[in-house]
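Only heavy atoms go into these numbers, but all of them, side chains included; no hydrogens, no water, no symmetry mates. Chain A is the first sequence line, chain B the second, and so forth, proteins listed ahead of strands; every chain is numbered from 1.
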Number of protein chains: 2
Amino acid sequence: MTEQHFTISELAGEFGITTRAIRFYEEKGLINPRRAGQQRHYSASDRVRLKLILRGKRLGFTLDESRDLIEMYDPGHGNVEQLNLLLKKIDAREATLQRQLRDIAGMQRDLQEVRQRCQQALETQRKQSSKL
Amino acid sequence: MTEQHFTISELAGEFGITTRAIRFYEEKGLINPRRAGQQRHYSASDRVRLKLILRGKRLGFTLDESRDLIEMYDPGHGNVEQLNLLLKKIDAREATLQRQLRDIAGMQRDLQEVRQRCQQALETQRKQSSKL
DNA sequence: TTTTACGTTGACGTTAACGTCAACGTAAGT
DNA sequence: ACTTACGTTGACGTTAACGTCAACGTAAAA
């Protein structure tokens, strides 16, 4: 198997972002592609990292937060204190996710309510206009 | 019943934000408190608006997006086209909420996996140290 | 009356997350 | 050799969402 890789514009195209953005993520320490001379070569795992970044963005996370999250995924440098700290971080993340779930549920209820009022208003208009 | 209201610092205190932020939301057209002379007086519904803004923020919405959303909640100026457009907007929101739900689920799976690896690593260390 | 607490309106500063050039290298096609 | 396509590194510009003064008004408390 020949170590498959991607160019920067391939990834940019696939994810609908600019190459500038991708380089920016690298500046911020979120990705570290290999170099073939000057050019960047992105591995499959680099691509996954990009996915994670974008998922984070969709949930309103900052790049710093996403980097933290991504760093959790790799090996973990053994130390017991580090591991316990990592577990704490995980719990913290879980907590914010839970709150987001509640917020989404609330927003869905609100939208549903507006939707119904909206449909009723349309119903009313339909009846009114059929009276003419 | 005496129209109960809040001062700017009361709301700031309650929601853990600054008065500056609240005035900024007003500048951006998200709230419109009454005035008693110079001073702002926030009604219960102004307070609700603030809550909605903050919920939006927790989900990564911009202030402009939150204003759009909040504007959906009030009367709705009758027009049929407007109402249909509103329904479209609602559907669009719902779609992004659904994607967020998927993203959260994915992130929870990831976190769970890291948590387990982390706990296994701790287990291993425990056994190792008990060998001494 | 003077401090203290709270409010007001500018105006400028700041951070995040890029966009937008400029100026250049490289490799392939014609 | 020349263009075309793609890549690179700065450097500066921009927008959102406030923070941080400054300079001032007002009303109650000491």
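In this structure, CD of Glu10(A) is placed 11 Å from P of dC6(D), rounded to the nearest angstrom. When rounded to the nearest whole Å, the span between NE2 of His5(A) and P of dC6(D) equals 15 Å. Here the P atom of nucleotide dA16(D) and the CG atom of Leu63(A) are 18 Å apart, to the nearest Å. Between the CD atom of Gln39(A) and the P atom of dT26(C) there is a distance of 10 Å, rounded to whole Å. Atom CG in Leu30(B) sits roughly 12 Å away from atom C1' in dA16(D) (whole-Å rounding). We find that CZ of Phe24(B) is positioned 17 Å from P of dT14(C), with the value rounded to whole Å. For the pair Gln38(A) CD and dC6(D) C1', the computed distance is 13 Å after rounding to whole Å. Here the P atom of nucleotide dA11(C) and the CD atom of Glu27(B) are 11 Å apart, to the nearest Å.
Taking only distance into account, the side chain of Arg23(A) never meets the base of dT9(D) through a donor-acceptor pair shorter than 3.5 Å. For dT20(D), its base sits under 3.5 Å from the side chain of Arg20(B) at one donor and acceptor pair at least.
Across every non-hydrogen atom of Leu30(B) and Ser66(B), the tightest pair is CD2-C, 4.0 Å.
Side-chain atoms of Met72(A) and Arg115(B), non-hydrogen and from C-beta on, never get closer than 4.5 Å to each other.
With hydrogens and angles left out, the side-chain atoms of Gln112(B) and Arg109(B) include no donor and acceptor closer than 3.5 Å.
Across Arg126(B), Gln119(B), Lys127(B), Gln125(B), a single residue satisfies side chain to side chain donor-acceptor pair (under 3.5 Å) together with Glu123(B), and that is Arg126(B).
Among the nucleotides dA17(D), dG7(C), dT8(D), the one closest to the side chain of Arg35(A) is dT8(D).
Nucleotide dA1(D) has dT30(C) as its partner under the Watson-Crick or G-U criteria, with both atom distances under 3.5 Å. In this structure, dA22(D) forms a base pair with dT9(C), meeting either the Watson-Crick or the G-U wobble geometry with both donor-acceptor distances under 3.5 Å.
OP1 or OP2 of dT9(D) has at least one side-chain nitrogen or oxygen of Arg40(A) nearer than 4.0 Å. Remark: Thr7(A) is in phosphate contact with dG7(D), judged by side-chain N or O atoms under 4.0 Å from OP1 or OP2. An OP1 or OP2 oxygen of dA17(C) is reached within less than 4.0 angstrom by no side-chain nitrogen or oxygen of Lys57(A). For dC18(C), one of the phosphate oxygens OP1 or OP2 lies less than 4.0 angstrom from a side-chain nitrogen or oxygen of Tyr25(A). In this model, the phosphate group of dG19(D) is approached by a side-chain N or O of Thr18(B) to a distance below 4.0 Å at OP1 or OP2. For the OP1/OP2 pair of dC6(C) and a distance below 4.0 Å, the side-chain nitrogens and oxygens of Thr19(B) include no atom meeting the criterion.
Between Arg117(B) and Glu113(B), at least one side-chain nitrogen of the basic residue sits less than 4.0 Å from a carboxylate oxygen of the acidic one, meeting the salt-bridge criterion.
In terms of position on DNA chain C, the residue among Tyr42(B) and Phe61(A) whose nearest nucleotide sits closer to the 5' end is Tyr42(B).
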